[in-house]
Each structure stands twice: as C-alpha cells, then as structure tokens.
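Comments concern the structure below.
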Amino acid sequence: MQRNHRILLVDDNEAIHEDIESILTFRDPSSEEDFLKIEHELFEEETESTDEPVNVEYQIDHAYRGEEAIEMIEKADRDGYPYSLVFMDVRMPPGMNGIEAVKKIWDNYPYIEVVICTAYSDYSWEQIIKNLGTSDRLLFMKKPFDATALKQTALTLNTKWNLNQQSKRYTEQLEQEVNEQTRELQELVKEYKEMKERAERATATKSAFLATMSHEIRTPMNGIMGMNEMLLETDLNQEQRELSELVQKSADSLLRVVNDILDFSKIEAGKMDIESVPFKPGKLLNEVVQTLSFYTDSKGIKITKSVDKSIPEVLMGDPTRLRQLLLNYGSNAVKFTEKGQVSIHVDVLESSDSKCTLKFRVSDTGIGIGEKKLEGIFDPFSQADSTTTRNYGGSGLGLAICKQLTELMGGSVGVESELGKGSDFWFVLTLGAYTPSELNGNGSTSTNGTSVGHSREYRILLAEDNKMNQIVAKKILEKEGFTIDVVETGRQAVRAIELNEYDLVLMDIQMPEMDGYEATSLIREMELADGDRLPIIALTASAMAEDREMSFNAGADDFITKPIDRAELIHAIQQFIGPKKESAQHVEI
C-alpha cells in the first residue's frame, strides 16, 4: 500500500516548528523499527523481512496562522496530495485561533487527523470538547513534547489516516459497482416488464382470437348438430340414418377438438376455475356411462361400471371437471377398442370425516400402448404412435388436459398398458366431505335429482338473433311441451318481459342493438320494484371463463355453451321451472 506521510505544522512560534520537525526527522533505526512493529501489530499487516532499516519519510509543511493553514489544506487537496495529519497550536494571535481553524477544516475535510498542541492556558479541556466535540480524529499533546510520544503519535495517526483512505476508496468502488449492478438490474427489470407486457398482450390477443373463433365455429355447429339430431328422430331409411349418424359423429369429434384447444389454452393461461360444490358421484358416474354407451353400442362393445359401496352418497368437488375427466378417458377407451369392453371403476383409498380419496380407473381391451411410448403419453400433442392421428383422429391434447385438470384439483394421474392387451388409465382425487349446510339451490349443485313436470302452460322467452339457432332451440323446447316466444335483440327481450309474463328466459349473449349482458342487467333493475326474480339462462357460443363470469355478474342464473346439448338444456331449465302457473293474458310481440 502506497502511504501518504504529509504533515502540516500550525503554530505562530517558529521554535515549535523546529522542535517538532527535528523530532520527526531524527533517524534512530532501532526505534523506527519498534514503531513499525507496533503499526503492524495494530493494523494486522504482514511485515516484510529486510536487512535495511525501515525509515518513515515525512513531508512536513509549515503554517503560522489558522487562515494560512486552511488555504494550504485546500491547495493540497486540489493538487491530489492531501495532508494526513495536522499539529495545531491553540493560541495564534492575531486572527483565527487553533480551535476555530480545526472546526473550519473539519467542515470540508472531515478525515484529517488533528493533534491539538496546548498548555491548557487559553482553553480548558472542557472548552475544547465543547467546541470540537468528541472524535477519534482528535488527540491532545501537552507542551513541552515528549519525543517518543510525538513520533509514535505521528506514525500511528498517519497509518490510521492511510487505512481510512484505503477503506474510503474501497467503499466508493463498492458503491460504484453496486450502482452499476443496480442500473443493470433496473434495465433487466425494465426489459422483464416489457416482455411481461408483451406476453400479456399476446395472451389477451390469443384469448380474444380463441373467443372469436369459438363463437364463429360453435354458432354454425349448433345449427348443424341440432338439426341433425332432429333429423335422426324422423323416419329415415337405413342409408339416410347411417349418413346422419356419420354427420353427428364428425360434429362431435370437431366439437371435442375445439373444446380441447379452449381448455388447454385456459389452463395454460391460468384461467381455469375449479369449483367445490355438492354432487352425487354415483349419479355422475351413471351419466358418464349413459353418454359413453351411445358410442359403445354403435361399436358393439360393452361398457360396465364398478363403484365402491363405501363411497359417500354426496361429496364436495367439481362435478363438471370430474365428468370431463371420465368422459375423456372413456371416449379414448372406446375409440381404441374394437372388441371386448370398457370398464369404469371407482375405489376408496382413504376416508375420514372431512375428506375422501378416490381412485377412478377406466380400463379397456383395446390396442394398448407400448412401454416406450408410455412415458410421454400425458404430454401435449402426444400420441402413442404417428399413425394414431391418421387412424383414430384427435388433437393430442385430451390426456394432457386430464393431467393438468387433475393436478389443479390436487390429484395425480397414471397409466398401465401393454401393447395389444388394452390400457388402464387412472386418476386419484381427494374430495371434501359433504355437510347439508353446503347445499345450495343452483342447478349445477343440486343432489336431489328430481325434476318438475311441465306443460304448455310454461312459457319461455328465447332471445336469439341467429335464425338457425332459433329453429333448433324452439323445436327442442316445443317437443318438451314448452310455449316459446322468440325475439332477436336484447332490447326486444326487455320489451317482451315488460308486456308478458314468462317462466324463464334463454338469453343469447351476442345480439345486435343490445347484447345479453345489458339486457339481463336491465331486467334485474326492473325486478327491484316488485321483488320477483325471473330465471335467466345465458346462452353463448363463447366458452371462455370471462364470458361465464360476466354472465353471472350481469345477473344470469345459469350458463350454457353452444352447441346446445338437449339433455343439458332441459336439465338446466328444470332447476328453475316451478309449479304450473295460471294462464296470463298474452300480448303479441
């Protein structure tokens, strides 16, 4: 370490200057080495062995007044070779005394070490401390000086000053590095925020695109599937029926692909909501088997179910997602099975007063999966074989969605399979125990499974601008015995409700003039006066979570996506249709 040993002597007495300088410049090798050893011990520096005596060379400058000392200190600092130590006399007439000079020096150069040289004749110890305060940069030496004490003081204070300067430079360097790293970090944070904003804009754009495509695809699909379903209920010859059934199967496959893409995008964007509502697992399983039986019957294979008798009648969970998991596993099993059977098993793994852990298994006697293909079978866009898509179709997202949905619900998935001998897909979920207080009146959580009989006395208002969808919905509902009025805008819907009494409204969301959200909100405002509440079921070809949330926020009681499933629509209506009302006067709209 390069040292600075520059000292300033400040005293109006020339003899004092000579005394101090002679003491500091006198060379006594043995004494000098003793001082250096003390320095090394004090500051824990390693001493380098040398045969030559070590001399401390001081540059000593002289000032005779306080004002002169301040000017010299300022000039030395400007020249880049500052003083490390000042010996300051107290009494220096005329002008500024030593105490005032030290105070002035420390205002601008607080690191300079100072030794006050005084006989305590003008300032007492208490007065000096009062003016300068206590500081580790201030020492006192009483005149006349002791030579050894003076030399030791000079050496120690110079070494201390140099170490302080080194520490100061290191601290400044460290602060500079920290500031540079902070700037770099700030730039990275700024870049991250920009990337995050771009990603959020891209996600929003993708969501808007998916919502638009969902609406544009589902709207005509609703007409195709609805009309084809009604066609299948008419008298057809064998060829016509086969062709219609092919249309239905193709439409179902297309709808599954659309649903898979939407579900995968919602999960990927973190917008998939998981509910916890009461439901009957036995009833849900029956519905799944009934749905799958349509496909198994057409292929001539059997479908069976096995349910552990110890499963509680009612549990808490998300029946919609649970049904989706079972249907996804089940439809895959049916698709890859040409003969034999598909079986659904539900077993209790663990049960307590607060929860019940179930294992759901879907087994088949189909083509099976090779061992090498099993590892990535739950990955997105993965198929067991490159020929699978060509032979059986599918988006490659179904199993990935099953895995992600199960994990969102805190469960796990797995598969056991052997090529040519079938597969056994399973998932494990822990469902909450049900207490009666948790049951509500919403149709999606009802566990009583009862429906209310209806007749043509029940009137439903259908607000739908698409002509094909009007025909489909009207024919479905009229076949069930309901009386249907049809309007094409939200404004017409509000006006119809003002003029007539309805038991329920089917409200399309996207309509001209006034959309379904606004119309539903206006209807709810109108009801505030009399306290009645008209059931409103939102209908939309958009299947995004935002549409469902906005519908409920507007005041809808339920939400159905297009293409409309007949059973789902009738079930939803039955949750709200009450006892038969007396006929009211009907006003044409």
Taking only residues two or more places apart in sequence, or in another chain, which ones meet E488 in a side-chain contact (heavy atoms from CB on, under 4.5 Å)?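 K467, Q470, Q492.
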
Sequence neighbours left out, what passes side-chain contact (heavy atoms from CB on, under 4.5 Å) with E525? Give chain and number order. L522

Geometric class of the F360/F427 ring pair [parallel <30°, tilted 30-60°, perpendicular >60°]: parallel

Less than 4.0 angstrom from a charged side-chain N to a carboxylate O is my criterion; do D424 and R361 meet it? yes

Taking atom types as modelled, find out whether [X] and [Y] have a side-chain donor-acceptor pair closer than 3.5 angstrom.
X	Y	answer
T430	T357	yes
R321	Q324	yes
S343	T304	yes

Could you tell me which residues satisfy ring-ring contact (aromatic ring centres under 6.0 Å, His included) with Y295, sequence neighbours excluded, listed by chain and number?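 With sequence neighbours excluded, Y295 shows a ring-ring contact (aromatic ring centres under 6.0 Å, His included) to no residue whatsoever.
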
Sequence neighbours left out, what passes side chain to side chain donor-acceptor pair (under 3.5 Å) with E513? Give chain and number order. none

With sequence neighbours excluded, what pairs up with N553 under the side chain to side chain donor-acceptor pair (under 3.5 Å) test?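 Counting only residues at least two positions away or on another chain, N553 forms no side chain to side chain donor-acceptor pair (under 3.5 Å).
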
For a quick test of your reading: what N or O donor-acceptor pairs under 3.5 Å do the side chains of residues 225-236 make, sequence neighbours left out?
residue, atom, partner, partner atom, Å
N228, ND2, S244, O, 2.9
N228, ND2, Q248, OE1, 2.7
E229, OE2, R566, NE, 3.1
E233, OE1, K479, NZ, 2.3
E233, OE1, R566, NH2, 3.3
E233, OE2, R566, NH2, 2.7
T234, OG1, L231, O, 2.5

Roughly how far, to the nearest 0.5 Å, is the CG atom of L431 from the CE atom of M316?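 So the CE of M316 and the CG of L431 are separated by 10.0 Å.
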
